[in-house]
Protein chains: 2
Amino acid sequence: MITNPEGAREILLTRGIKPTYQRQTILRAVLEKRTHPTIKALYDHLLPAIPTLSKTTLYSTLELFASRGLVSRLSIDSGEARYDGFAAPHHHFLCEACGAIIDLDIACPAARRGQVDGHKIKEIHGYFKGVCKDCQSHVQYKIPRRLSHA
Amino acid sequence: MITNPEGAREILLTRGIKPTYQRQTILRAVLEKRTHPTIKALYDHLLPAIPTLSKTTLYSTLELFASRGLVSRLSIDSGEARYDGFAAPHHHFLCEACGAIIDLDIACPAARRGQVDGHKIKEIHGYFKGVCKDCQSHVQYKIPRRLSHA
DNA sequence: ATACAATTTGTAATGATTACAAATCCAGAG
DNA sequence: CTCTGGATTTGTAATCATTACAAATTGTAT
Ligand SMILES: [Mn+2]
Ligand SMILES: [Mn+2]
Ligand SMILES: [Zn+2]
Ligand SMILES: [Zn+2]
């Protein structure tokens, strides 16, 4: 949701992160892609824009972003991590048929309170798994997909 | 929560699983351990009882149990998977200080309905991360612990 | 005892992530 | 402008959980 070309740079500056070309480009990608991409997907997507990009840079940059609250890392299944540029806490639905990860808007009472049973909450991860609305209307799965560790 | 020595055997039989010695012993361990153990923890715990045990057997057996609803597999962080013998859906709290995984009893409206936004729900994973009640009352962390991928 | 299928086991392969050091970049000093 | 030190980026190797696969073992029916 960056509206102007300078958006990524300004976001980085407000967080005290030096806005290098790599960081701006990576941030733009993770903010624009609403698919909760994996490292591999981001790497393939970014290679044209950053021909020298290394996966190590992706890992370290995304960890930097996550530590500053710019992105969140999802461990929705035991395979590859996924990155979400929509940083506000929200729940996710993983479709076991097409593999899509869909944002959910579910009110979580515990989140508001900031604690459960006296335990202080710093992160909330709500994961639902099943068959998405779109896949239910088809008889066959759209994309035969191997879910990791399935 | 097996009350008699034959409990594990009977549970396996009711699920149509041949109750071998390994399976009974593994099932007993995962039902009795309420710590959401990793494969490695289960392996170390079971080695005295099953000296010939291989990790491959643990992986395949726990996957068999999970597919029959006897246990659930948690992906609460991107490191090792954890196994839960308490199969009824419930939420979890991971303490970033001591590493404990604590069961929570939180009502989830979406779970009752069986769907969200038209997506059919088959699994629910509610993960909270933070500092548990016990660790908050101590100034120092009890066990300096390396959280995976931290 | 024999044969056969299921189960268990050991080893190798896979694949994501991390560790680490060399290469590169870049802002400031002179 | 040139030099320089620290931050950043990159490439390669190591780590580690998990899976693949085939051999060994087990148990049961004939
Ligand atoms: Mn999301
Ligand atoms: Mn539990
Ligand atoms: Zn789908
Ligand atoms: Zn704790």
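The figures here come from the full heavy-atom set of this structure, side chains too, leaving out hydrogens, waters and symmetry mates. Note that the structure is predicted; figures quoted are calculated from it, not measured. Naming convention: chains lettered A, B, ... in sequence-line order (proteins, then strands); numbering from 1 in each chain.
Ring geometry for B/H90 versus B/H36: interplanar angle of 30 to 60°, hence tilted.
Nucleotides of DNA chain C nearest to B/I17 and B/K55 differ in position, and the one nearer the 5' end is that of B/I17. Both A/T56 and B/I39 lie near DNA chain D, and the one whose nearest nucleotide falls closer to the 5' end is A/T56.
Put simply, CZ on A/R82 is 16 Å from C1' on C/dT17, counting in whole angstrom units. What separates OH of A/Y59 from C1' of D/dT9 is a distance of 16 Å, to the nearest Å. Between the P atom of C/dT8 and the CD atom of B/Q24 lies a distance of 11 Å, rounded to the nearest Å. Taking atom CG of residue B/L74 and atom P of nucleotide D/dT18, one finds them 12 Å apart after rounding to whole Å. Straight-line distance from the CD atom of A/E80 to the C1' atom of C/dT14: 12 Å, rounded to whole Å. Atoms CZ (A/R73) and C1' (C/dT17) sit 9 Å apart, rounded to a whole Å. Going from atom CG of B/L47 over to atom C1' of C/dT9 covers 13 Å, rounded to whole Å. Straight-line distance from the NZ atom of A/K40 to the P atom of C/dT17: 13 Å, rounded to whole Å.
Nearest nucleotide to the side chain of A/T61, out of C/dT7, D/dT9, D/dT10: D/dT9. For B/R23, the side-chain atoms get nearest to C/dT7 when compared with the rest of D/dT8, C/dT9, C/dT7.
For the pair A/T57 and D/dT10, the criterion of a side-chain N or O lying under 4.0 Å from OP1 or OP2 is met. A sub-4.0 Å separation between OP1 or OP2 of C/dT7 and a side-chain N or O of B/T20 is absent. An OP1 or OP2 oxygen of D/dT10 is reached within less than 4.0 angstrom by a side-chain nitrogen or oxygen of A/Q22.
Judged by distance alone, with hydrogens and angles left aside, B/T52 brings no side-chain donor or acceptor close enough to the base of D/dT25 to form a pair under 3.5 Å.
The nearest pair of heavy atoms linking B/R28 to B/A8 is NH1-CB, 3.8 Å. Pairing each heavy atom of B/Q115 with each of B/D117, the nearest pair is OE1-N, 3.7 Å.
A donor atom on one side chain and an acceptor atom on the other are found under 3.5 Å apart for A/Y127 and A/H125. Of the N and O atoms on the side chains of A/H91 and A/D103, not one donor lies less than 3.5 Å from an acceptor on the other residue.
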